[in-house]
Student: 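Before anything else, here's the structure in question.
Each chain gets a letter, A, B and so on, in the order the sequences are listed, and its residues count up from 1. Side-chain atoms are counted along with the backbone in the values below, which use heavy atoms only and exclude waters and symmetry mates.
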Amino acid sequence: MAMKGKDCVAIAADRRFGVQAQTVSMDFDKIFEMGPHLYIGLPGLATDVQTVSQRLNFRLKMYELRENRKIKPKTFMSMVSNLLYERRFGPYFVEPVIAGLDPKTFQPFIASMDLIGCPMITDDFVVSGTCSEQMYGMCESLWEPNLEPEDLFETISQALMNAFDRDAVSGWGAVVYIIEKDKVTKRLLKTRMD
Amino acid sequence: MTERYSFSLTTFSPSGKLVQIEYALAAVSAGAPSVGIKALNGVVLATEKKQKSILYDDQSIHKIDYITKNIGMVYSGMGPDYRVLLTRARKLAQTYYLTYQEQIPTAQLVQRVATVMQEFTQSGGVRPFGVSLLVAGWDEDEERPYLYQCDPSGAYFAWKATAMGKNHINGKTFLEKRYSEKLELEDAVHTSILTLKESFEGQMTEDNIEIGICNQDGFRRLAPSEIKDYLASVS
């Protein structure tokens with residue numbers, strides 16, 4: 001999930017990699033850094049998570065070399081949407097969540113997408129994954145506008161943890177990134193490992 | 001349909017030149033003069049549109065055309081080749097928009113058009129384009145104007161001011177004297193008309209020249225009435 005704060009954004013995810021009931025690994029990272037202030041979270045089928053992040057990285061690097069500038073978050077969202085829709089009739093099973101700051105104005109930006117690339121830009125929060133309904137409930141109750149980075153961290157951590165604690169196949173560790181103009185803080189949360 | 005040639009028609013001469021491209025540049029130099037000037041707040045493109053007979057309907061066909069709402073183009077050389085490149089450029093710009101939902105930056109468009117022109121100097125069975133293009137654009141992101149020239153070889157240059165076509169050497173010399181970094185768009189239009197006048201034979205009217213300007217409101221062609229006003233202030 002990702003949330004907007006005051007001049008900052010936060011993106012967080014759990015770290016479970018499982019095959020239905022069996023947990024295979026508890027340090028599977030689904031949040032990828034695409035730029036100094038641009039992060040994408042890719043929940044879904046693990047093989048597609050890796051392939052999409054690699055292909056996206058390729059496209060992004062080519063863009064930055066050709067255009068000689070850092071990509072804007074909104075343009076990046078369109079690029080992801082295009083990549084997913086190319087596979088309209090045999091899609092990648094990922095539902096990305098994007099969080100970032102504009103490279104020039106540092107305006108916060110969050111967006112999410114379905115597996116065939118339908119983009120959705122919001123002003124508050126975006127969620128994706130197996131426990132998305134629980135996450136919607138938690139975010140709706142805990143989020144408020146213009147949270148400072150420290151408060152945003154608390155809010156997103158509580159929202160994420162309590163949501164995936166109500167889902168059998170999510171959890172087993174969590175990672176939270178707080179993205180501000182001058183720094184990015186990555187924190188690992190201590191959660192129920194069940 | 002005939003079989004595609006598998007070999008290029010543009011080959012090196014012993015002295016290391018691609019003669020076909022030299023000939024293409026000669027075709028450009030024989031074409032109608034065109035001028036481009038970059039000002040502080042915009043770019044102006046101007047070209048001579050002399051028709052051979054008074055029976056021609058001047059206002060129906062335009063030499064200066066839009067590629068996107070922020071980028072425009074003019075040429076010197078062969079009209080039909082220009083049309084093909086114009087269509088390609090428009091398609092390239094829209095393809096970019098389809099992927100990125102963002103207007104194509106002028107430099108990117110010029111790179112892509114120049115690649116097309118270069119392909120025609122190396123592919124089988126085709127000849128180089130007989131046009132040089134002047135592309136004027138306004139970058140919304142960086143909020144600055146751009147002026148580029150694309151040659152038949154596929155080379156592209158960024159200019160502050162330039163002239164192409166017949167008499168381009170005199171045109172460029174004239175611009176070297178007249179150009180200043182602090183030109184405003186209005187003065188640039190004025191200067192471009194004067195540059196065209198240097199090589200113009202006969203009376204300049206609003207029907208036998210075309211002017212296009214590009215600023216932060218986008219690219220637009222000047223209406224004949226507006227051109228008439230500028231001409232009045234020149235003479």
Student: Might you confirm whether atom CD1 of B:I169 has over 12 heavy atoms from other residues, nucleotides or ligands at distances under 6.0 Å?
Tutor: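 Not buried by this count: 12 neighbours or fewer within 6.0 Å.
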
Student: Return yes when atom CE of A:M26 has more than 12 non-hydrogen atoms of other residues, nucleotides or ligands closer than 6.0 Å, and no otherwise.
Tutor: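 No, the 6.0 Å shell around CE holds no more than 12 heavy atoms from other groups.
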
Student: Any chance CE of A:M193 has more than 12 other-residue heavy atoms, nucleotides or ligands included, within less than 6.0 Å?
Tutor: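 More than 12 heavy atoms, drawn from other residues, nucleotides or ligands, come within 6.0 Å of this atom.
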
Student: Taking atom CD1 as the centre, does B:I61 end up with more than 12 heavy-atom neighbours from other residues, nucleotides or ligands that are less than 6.0 angstrom away?
Tutor: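 At most 12 heavy atoms, drawn from other residues, nucleotides or ligands, come within 6.0 Å of this atom.
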
Student: Pull every donor-acceptor pair under 3.5 angstrom between chain A and chain B and give the atom names with distances.
Tutor:
unit_1: A:R66; atom_1: O; unit_2: B:Q108; atom_2: NE2; d: 3.0
unit_1: A:E67; atom_1: OE1; unit_2: B:Y96; atom_2: OH; d: 3.1
unit_1: A:E67; atom_1: OE2; unit_2: B:Y96; atom_2: OH; d: 2.6
unit_1: A:R69; atom_1: NH1; unit_2: B:D141; atom_2: OD2; d: 2.7
unit_1: A:R69; atom_1: NH2; unit_2: B:E102; atom_2: OE2; d: 2.8
unit_1: A:K72; atom_1: NZ; unit_2: B:D141; atom_2: OD1; d: 2.7
unit_1: A:K72; atom_1: NZ; unit_2: B:D141; atom_2: OD2; d: 3.2
unit_1: A:T75; atom_1: OG1; unit_2: B:E102; atom_2: OE1; d: 2.3
unit_1: A:S78; atom_1: OG; unit_2: B:Y100; atom_2: O; d: 3.4

Student: For atom CZ of A:R166, is the number of surrounding heavy atoms from other residues, nucleotides or ligands below 6.0 Å larger than 12?
Tutor: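 Open: at most 12 neighbouring heavy atoms sit under 6.0 Å from CZ of A:R166.
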
